[in-house]
Amino acid sequence: MAEFDVQECYKVAMELVKTAGKLVREAINKKKNIEIKSCAIDLVTESDKAVEKLLISGLSSSFPDHKFIGEESVSAGEKCVFTDAPTWIIDPIDGTMNFVHSFPHTCISVGLWVNKDAELGIVYNPVLEQMFTAIKGEGAFLNGEKLSVSGETELAKSLIFAEMGSSQDAEKMDTVITNLTTLLPKVHGLRAMGSCALNMCYVATGGGDAYYEFGIHAWDTAAAYLVVKEAGGVIVDTEGGPFDLMNRRVLCASTQQLAETLSKILKQYQPERDGVSK
Ligand code: IPD
């Protein structure tokens, strides 16, 4: 097993994330080179690629035995392999569509998982200067201030984050619309801001009570998973069972009761898992 010192990992990752943040901040209001990935609403820019390169080269020179799962490396054809080895799971820009449109709700997401468990998570919105951090067992923080979830148990009093996602699969889109239609008359409000990691972090702050999505990837949830957990929140599969990082479905909530209520109401959808060889 490769050597693993969580404090050292955190220190190195934090410096790299701050440097990457400068890249994102400088690029967000400029013209971007945009490429289409799996479909017309699944995009990548030169900034996504540059940030991922910066993070992976910096982390691998400090931790040569560690493994990586990065959104853009996987899109470029690298295998998405999740083992017990220390693995950095990276979304260089979560909320790429927002970034493309210069909407400042976008972030860098870096999680470290060891033995298939989350050890540290950093989610950074460099435009709004919001640094969400968590180390296992040490709590979750926003710019150094300790976070805790709202504790809301009732669906009728909940502000729920939902997302449209970045797939145009007909069954998936039908599931999204059905769930919005079902939930709308039952909740305080529904919001879709375009970043899975930030949605999860806002559940951790208590600014929202729950978030669910079908079709996210491991890199969208890997860092924020720990932020939510350390803030006292619950992360499960959309059907209510244990969360599976590679299964592309997430439901997080401020309480177990709210998670259970939501999981029973949601129409379900199963995308193809991450890591399936093509
Ligand atoms: C996307 C965002 C979005 C969510 C999509 C994700 P990306 O990540 O998190 O909110 O709805 O499912 O793919 O592509 O911007 O890293």
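Both counts, for ligands and for their atoms, begin at 1 and track the order of listing. Since the model is a prediction, treat every value here as computed from it, not as a measurement.
- Each salt bridge (Lys or Arg N to Asp or Glu O under 4.0 Å) pair with one or both residues in residues 21-33, not counting sequence neighbours, appears once here: Arg25-Glu129.
- A salt bridge is defined here as a Lys NZ or Arg NE, NH1 or NH2 lying under 4.0 Å from an Asp or Glu carboxylate O, and Lys49 with Glu35 meets this definition.
- Remark: Glu46 pairs with no residue by the salt bridge (charged side-chain N to carboxylate O under 4.0 Å, His left out) rule, at least two apart or across chains.
- Ring pair Phe103/His105 is tilted by interplanar angle, where 30° to 60° counts as tilted.
- Taking the six-membered ring where the residue is Trp, Tyr225 and Trp113 present tilted rings, their angle falling between 30° and 60°.
- Protein neighbours of ligand 1 below 4.0 Å, counting non-hydrogen atoms: Glu71, Asp91, Ile93, Asp94, Gly95, Thr96, Glu163, Gly165, Ser166, Gly194, Ser195, Cys196, Glu213, Ile216, Asp220.
- Residues satisfying the side-chain contact (heavy atoms from CB on, under 4.5 Å) test with Val100, not counting sequence neighbours, are Ile34, Leu43, Thr45, Thr96.
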